[in-house]
2 protein chains.
Amino acid sequence: MPTVTTDFNDRTIEYEQLLNDFKSLLKKNSLKFTIQREVILETLYNSDEHLTPESLHHLIQEKFPDLKTGIATVYRTLSLLEDSNMVTSLSFGAQGKKYELGAKNHHDHLICTECGNITEFVDEQIETRQHHIADELGFKMLDHSMQIYGICETCQQK
Amino acid sequence: MPTVTTDFNDRTIEYEQLLNDFKSLLKKNSLKFTIQREVILETLYNSDEHLTPESLHHLIQEKFPDLKTGIATVYRTLSLLEDSNMVTSLSFGAQGKKYELGAKNHHDHLICTECGNITEFVDEQIETRQHHIADELGFKMLDHSMQIYGICETCQQK
DNA sequence: CTTCTTGCAAACGCTTTGCACCGTT
DNA sequence: AACGGTGCAAAGCGTTTGCAAGAAG
């Protein structure tokens, strides 16, 4: 073994925590831990992209062709994960949703209207204000999402 | 004529401006001004709700049953209005979009996850930060939307 | 009279569901 | 053994489109 790669270790530990959370969640609800469910979680974890159910399905078919995972299972698992707040989604009208693991740090999104790419950001001032606003208006805040739409640097140069 | 009702006058003037904008838009693109298009704009204007294409269609069928406006026309007109930035939409995954006139003052949304109702708000601090963020990340900002999800006062009491 | 618009119905694309078989517990 | 999960194909549902008839310019 070469010298320890902290990055890799961090990722590994993070993933195992995630996997354990998932297993606990399943147990708590008398649901079963299956290979398909694990592969979906793992693929989400290893992707830096925001994935559509379809693109997630494709990734899984490429990496684990033997499993023959059906798209229905991908949808069912994503719903399960979203209901338990392990993943979050962004909506795109009739074009569906894109999903990402919610275990990552919270962040908001800059979406390029030309190429569809998504850049993440966090701004503490905005986070703080959101809590103030919900309080003022009598809402019990559960979640929030913010998207800035525009043209990214790359597309501006075209 | 009775004494002037400023509220009514404001609304009327506002609507006529809107209608003129719409007519200009159509003319500029060699499109035609039809009764259906006018009725869609008017119904959007007279609604305080965020409307789905379906609910907008229902409203129109109730108020103008003789027109027999088809849902396809509602969709086509909403797309037209959205493309020209006269209306804005909120996405709800596969459940579609809700539309509102964009001519109103800009605002963000508090969405109740229990009853689905939408409360509007504006916060200048957040508006300002959004511009800063887009600038910092090299985005040419075109638009943005922010939603806070939570449980509204009414639903908390249930 | 030309061109755009409309309503209708069919097509579409993403998502959900019913079912028989299979895997986990 | 019992119970939930899976893949498949069909159904669902909101949205879009092709087309012939109709209205606007």
Side-chain angles (χ1 to χ4, degrees), chain A residues 19-20 22-43 50-61 64-84 87 89-99 116, chain B residues 19-20 22-43 50-61 64-84 87 89-99 116:
Chain A
L19 189 59
N20 284 335
F22 191 26
K23 286 181 178 173
S24 310
L25 169 75
L26 293 172
K27 191 161 289 177
K28 197 169 62 187
N29 292 81
S30 316
L31 302 176
K32 288 167 184 171
F33 181 69
T34 64
I35 305 163
Q36 287 84 347
R37 284 176 174 165
E38 175 167 18
V39 158
I40 289 168
L41 188 73
E42 189 195 315
T43 308
H50 293 68
L51 299 173
T52 61
E54 199 191 349
S55 58
L56 179 52
H57 184 228
H58 279 151
L59 280 178
I60 290 169
Q61 283 186 322
F64 308 92
D66 302 341
L67 271 183
K68 294 195 180 60
T69 311
I71 188 115
T73 298
V74 174
Y75 275 103
R76 287 186 280 230
T77 303
L78 283 173
S79 297
L80 173 62
L81 289 168
E82 188 171 22
D83 290 348
S84 14
V87 308
S89 66
L90 292 176
S91 286
F92 294 86
Q95 288 70 257
K97 295 179 175 182
K98 288 189 177 180
Y99 294 83
Chain B
L19 189 59
N20 284 335
F22 192 26
K23 286 180 178 172
S24 311
L25 169 75
L26 293 172
K27 190 160 287 178
K28 197 170 60 186
N29 293 81
S30 317
L31 303 176
K32 287 168 182 171
F33 181 69
T34 64
I35 305 163
Q36 288 84 346
R37 284 177 174 165
E38 175 166 20
V39 158
I40 289 169
L41 187 74
E42 189 195 316
T43 308
H50 293 68
L51 299 173
T52 62
E54 199 192 350
S55 58
L56 179 52
H57 184 229
H58 279 152
L59 280 177
I60 290 169
Q61 284 186 322
F64 310 90
D66 301 341
L67 271 183
K68 293 194 180 60
T69 312
I71 188 114
T73 299
V74 173
Y75 276 103
R76 287 185 280 231
T77 303
L78 283 173
S79 296
L80 173 63
L81 289 169
E82 189 172 21
D83 289 349
S84 15
V87 307
S89 66
L90 292 176
S91 285
F92 294 86
Q95 289 68 262
K97 294 179 175 182
K98 288 188 175 181
Y99 294 83

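Quick note on labels: first sequence line is chain A, next is B, and so on, each numbered from 1.
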| field | Glu38(B) CD - dT6(C) C1' separation (whole Å) | value | 16 Å

| query | Between atom NZ in Lys23(A) and atom P in dT24(C), what is the gap in whole Å? | reply | 12 Å

| query | Which residue lies toward the 5' end of DNA chain D, Ala72(A) or Gly96(B), if each is placed at its nearest nucleotide? | reply | Ala72(A)

| remark: Distance col, row Glu42(B):CD vs Phe64(B):CZ, nearest 0.5 angstrom, shows 4.5 Å

| task | Would you kindly compare Ile71(B) and Leu67(A) by the position of their nearest DNA chain D nucleotide and give the one closer to the 5′ end? | result | Leu67(A)

| field | Rounded distance [0.5 Å steps], CD in Glu82(A) versus CG in Leu80(A) | value | 10.5 Å

| query | Does Thr69(B) offer a backbone N or O that forms a donor-acceptor pair with the side chain of His57(B) under 3.5 Å? | reply | yes

| field | Non-hydrogen side-chain atoms of Leu78(B) and Lys97(B) separated by less than 4.5 Å | value | no

| Atom-to-atom span, NE2 of His57(A) to P of dG13(C) - whole angstrom | 18 Å

| Closer than 4.0 Å, any side-chain N/O of Gln36(A) to the OP1 or OP2 of dG23(C)? | no

| query | Taking atom NE2 of His58(A) and atom OG1 of Thr52(A), what is their separation to the nearest 0.5 Å? | reply | 8.5 Å

| said: So if I take residues 24-34 of chain A and measure heavy-atom distances to DNA chain C, which residues fall below 4.0 Å? | reply: Lys32(A), Phe33(A)

| field | Whole-Å gap separating C1' (dC14(C)) and OH (Tyr99(A)) | value | 10 Å

| Lys68(B) NZ to dT5(C) P, straight-line distance once rounded to whole Å | 22 Å

| remark: Walking DNA chain C from its 5' end, the first of Ile35(A) and Pro53(A) to be reached, judged by nearest nucleotide, is Pro53(A)

| note | To the nearest angstrom, the NZ-P distance between Lys98(B) and dG14(D) comes to 13 Å

| field | Euclidean distance, atom CZ of residue Phe22(B) to atom C1' of dT5(C) [Å, nearest integer] | value | 12 Å

| remark: Here the distance between atom P of dT6(D) and atom CG of Asp66(A), to the nearest Å, is 17 Å

| field | Nearest-0.5 Å distance, CG of residue Leu67(A) to CD of residue Gln36(A) | value | 5.5 Å

| Shortest side-chain distance from Arg37(B), nucleotide among dG14(D), dG7(D), dT5(C) | dT5(C)

| request: Compare all side-chain heavy atoms of Thr73(A) with those of Arg76(A) and state whether any distance is below 4.5 angstrom. | output: yes

| task | Have a look at Arg76(A) and say if it touches a base, only the backbone sugar-phosphate, or nothing, with a 4.0 Å heavy-atom cut-off. | result | base

